[in-house]
Asker: 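This structure is in structure tokens; I'll ask about it shortly.
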Amino acid sequence: MPIYNSEVARIFDEYADLLEIHGANEYRVRAYRTASRNISYLSHNLSDMIRQGEDLTKLPGIADDLAGKITEIVKTGHLSALEELKKTIPEELIKITRIAGLGPKRAYRLYYGLGISSIRELEKAAREGNIKELPGFGIKLEQAILDDIERRGKLREGRRVLYSAAEEIVQPLLAYLWDAKGVKGVEVAGSYRRGVETVGDLDILITSEKVSDAVDHFTSYDEVERVIARGTTRSSVILRGGLQVDLRVVPEESYGAALHYFTGSKAHSIAIRKRGVRRRLKINEYGVFKGDQMIAGRTEEEVYARVDLPYIEPELRENRGEIEAALRNNLPDLITLNDIRGDLHSHTNLTDGHSSLEEMALAAKKRGYEYLAITEHSKRLTVAHGLNKARLAEQIERIDSLNNQLNGIIVLKSIEVDILEDGSLDLPDDILKKLDLVICSVHHKFNLPREKQTERIIRAMHNPYFMILGHPTGRMIDERPPYDVDVERLIKAAKETGCILELNSQPERLDLDDIYCKMARDMGVMVAINSDAHSTQELDFMHYGVIQGRRGWLEPKNVLNTRSWPELKKLLQKSRKTLVSGAAPGNISEKIGAKR
DNA sequence: GCCGTTTTCGGCCCGACTGTTTTCAGTCG
């Protein structure tokens with residue numbers, strides 16, 4: 001059973017958590033966290049590196065000690081130092097540090113003072129009034145603990161909200177904040193601005209001539225349930241529904257510095273400030289300082305310029321190589337919604353969609369698209385009334401006739417065909433061959449062992465009509481984990497067989513995720529960003545996919561549906577001819593000119 | 001525990017806010 005990078009990263013993170021509670025040197029803790037983060041974004045498998053005798057200390061943040069620990073984990077599946085530590089500190093204490101107001105120090109005191117090692121015990125002790133008696137604790141902290149436990153109960157433990165749900169909250173809140181007297185600027189920062197698929201809280205930045213008015217206006221917003229902090233420059237509230245919103249009021253001359261600082265990510269901010277330190281500059285949310293003198297801060301561009309970097313787009317700010325790319329003058333020219341020329345995945349009311357064929361076509365035209373692929377489910381998916389060969393043949397005729405009537409939009413004859421358990425497709429080649437486009441997806445048997453699931457999909461990719469792998473991991477954020485599949489191998493197989501991977505824009509899917517998008521891009525495999533719309537309105541989901549794609553460093557040239565229909569048609573036909581004629585597997589990505 | 005334009009030891013990002021304290025520790029982002 002090979003150990004994956006994510007497992008090594010998880011073990012290092014857990015070790016860091018326990019070390020912190022144990023009171024270890026904070027920089028030692030930080031070293032494990034840094035290593036964990038670096039490992040989880042690595043595009044090479046650590047197991048492979050060790051087997052091939054590569055030097056792990058070449059990796060950032062890894063020296064002899066951690067290289068040894070990685071080797072131990074890869075060879076034995078666990079870390080003995082972590083097992084030892086668990087004997088002195090219960091691992092459940094980690095959960096306690098996630099409660100608002102509690103961190104490692106207080107968790108440790110709760111454990112040694114009252115023997116508390118679980119949320120349940122914590123709640124009981126707080127209700128009985130035992131916590132306020134501990135030194136360093138008091139009545140307010142005790143109440144705050146109870147409040148947070150209750151809030152988590154409502155929200156489900158540690159839940160973050162989908163980006164799309166946060167978007168619904170953000171729009172009216174921003175409009176409301178603009179109404180305050182003296183407001184000169186309002187912007188959302190934080191993970192929302194970086195386009196992260198789920199948002200833990202909202203960070204809003206405001207510039208105003210009347211600071212206290214702005215804070216008053218904010219805290220009296222109709223949706224505010226509770227005010228949890230109220231300072232002169234910062235204020236935090238909990239909205240109905242449980243989402244926390246932090247407001248920061250900043251002066252205009254600091255706006256860029258503040259926006260940069262509060263957009264994060266934390267890792268990116270730290271890396272930027274370290275570059276500042278090396279230049280004897282102090283960078284904080286008020287600006288860039290040389291001694292006591294402020295030398296920049298009105299715009300983000302100014303801040304970057306002071307550490308000799310070009311502007312870096314928010315979606316890239318994760319310290320996953322964007323600073324190094326900026327130094328090489330090699331930042332990606334990120335895709336935008338305007339680059340998208342069509343949608344290659346949609347359904348109609350013939351199967352499980354809600355709009356008619358004509359309605360979908362016209363809605364796509366209205367969005368300025370050149371083409372829309374109607375990709376109904378295939379017969380295996382009975383709950384969705386999937387099409388058999390005869391019904392698909394009828395649909396092909398309907399689309400042909402619709403295309404004769406329509407102007408300015410082309411409907412592609414397509415299918416989202418099921419990949420069966422043995423890796424064959426749910427419809428025969430003789431009908432697939434009549435289509436413009438074939439998406440292949442896994443919709444059942446999610447629980448196959450990793451090896452079998454991976455083989456199943458790779459076998460399907462060798463079918464000459466396989467063009468796009470739909471929602472490659474099947475995950476539903478917060479609802480269903482991805483099926484166990486080796487995505488790195490899928491990307492390699494896509495490269496070999498000339499297949500394209502989908503980035504599905506349904507807000508709870510966003511599958512591929514950002515990290516795998518970048519991996520596909522780095523390996524020269526193209527991505528198709530599709531809405532998977534089941535109604536005309538859902539065509540607008542495309543923008544979620546574009547945001548995720550930007551987080552995955554995708555440029556227009558990496559994305560299939562930035563091509564015009566004639567280009568796309570030529571490429572798909574060419575690719576199919578190569579594959580059907582039995583020649584060596586072609587590579588659509590290379591043919592279309594995807595670089596890198 | 002890592003790292004090196006302060007290079008093999010000494011530093012490692014920075015400030016606001018709260019609560020529990022009488023000057024600051026802990027948490028948070």
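Convention: sequence-line order gives letters A, B, ...; per-chain numbering from 1.
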Asker: Quick one: look up who B:dT8 pairs with, Watson-Crick or G-U, both distances under 3.5 Å, and put none if it's unpaired.
Answerer: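 Because no pair has both required distances under 3.5 Å, B:dT8 counts as unpaired.
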
Asker: May I ask you to say what A:Ile270 touches in the nucleic acid, namely base, sugar-phosphate or nothing, with a heavy-atom cut-off under 4.0 Å?
Answerer: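 Counting heavy atoms under 4.0 Å across all strands, the contact made by A:Ile270 includes a base.
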
Asker: Between A:Lys282 and B:dG15, is there a contact of a side-chain N or O with OP1 or OP2 at under 4.0 Å?
Answerer: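 Indeed, a polar side-chain atom of A:Lys282 lies that close.
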
Asker: Is there a side-chain contact between A:Tyr27 and the phosphate of B:dG1, meaning an N or O under 4.0 Å from OP1 or OP2?
Answerer: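 No, A:Tyr27 has no side-chain N/O under 4.0 Å of OP1/OP2 on B:dG1.
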
Asker: Please produce a list of atom pairs where a protein N or O lies less than 3.5 Å from an N or O of nucleotides 25-29 of chain B.
Answerer:
unit_1	atom_1	unit_2	atom_2	d
B:dG26	OP1	A:Arg109	NH1	3.4
B:dT27	OP1	A:Gly103	N	2.5
B:dT27	OP1	A:Gly103	O	3.1
B:dT27	OP1	A:Arg106	N	3.0
B:dT27	OP2	A:Lys105	N	3.4
B:dT27	O5'	A:Gly103	N	3.4
B:dC28	OP1	A:Ile99	O	3.4
B:dC28	OP1	A:Gly101	N	2.9
B:dC28	OP2	A:Leu102	O	3.3
B:dG29	O3'	A:Arg248	NH2	3.3
B:dG29	N2	A:Tyr261	OH	2.4

Asker: Hey, is the side chain of A:Tyr15 poking within less than 4.0 Å of OP1 or OP2 on B:dG1, counting only N and O atoms?
Answerer: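 Indeed not, no polar side-chain atom of A:Tyr15 lies that close.
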
Asker: Any side-chain N or O of A:Thr233 below 4.0 angstrom from OP1/OP2 of B:dC17?
Answerer: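 A:Thr233 to B:dC17 OP1/OP2: side-chain N or O found under 4.0 Å.
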
Asker: Measure from the side-chain heavy atoms of A:Ala63 and tell me the nearest of B:dG19, B:dC3, B:dC12.
Answerer: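 Out of B:dG19, B:dC3, B:dC12, the nucleotide with an atom closest to A:Ala63's side chain is B:dC3.
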
Asker: State, with a plain yes or no, whether a side-chain heavy atom of A:Val249 is found less than 4.5 Å away from one of A:Thr207.
Answerer: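 A:Val249 does not reach A:Thr207 side chain to side chain.
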
Asker: Test the A:Arg226-A:Tyr221 pair against the cation-pi criterion, namely NZ or CZ under 6.0 angstrom from the six-membered ring centroid and within 45° of the ring axis.
Answerer: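 No - A:Arg226 does not lie over the ring of A:Tyr221 by the 6.0 Å and 45° rule.
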
Asker: Need one value for A:Lys69: base, sugar-phosphate or nothing, where a base atom within 4.0 Å counts as base even if backbone is also close, heavy atoms only.
Answerer: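 Result for A:Lys69 = sugar-phosphate.
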
Asker: Just one of A:Leu327, A:Ile270, A:Ile283 clears the side-chain contact (heavy atoms from CB on, under 4.5 Å) bar with A:Arg275, so which one?
Answerer: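 Among the candidates, only A:Leu327 passes.
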
Asker: If you check every side-chain atom of A:Asn284, which of B:dC2, B:dG15, B:dC12 has the closest atom?
Answerer: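 Nearest nucleotide to the side chain: B:dG15.
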
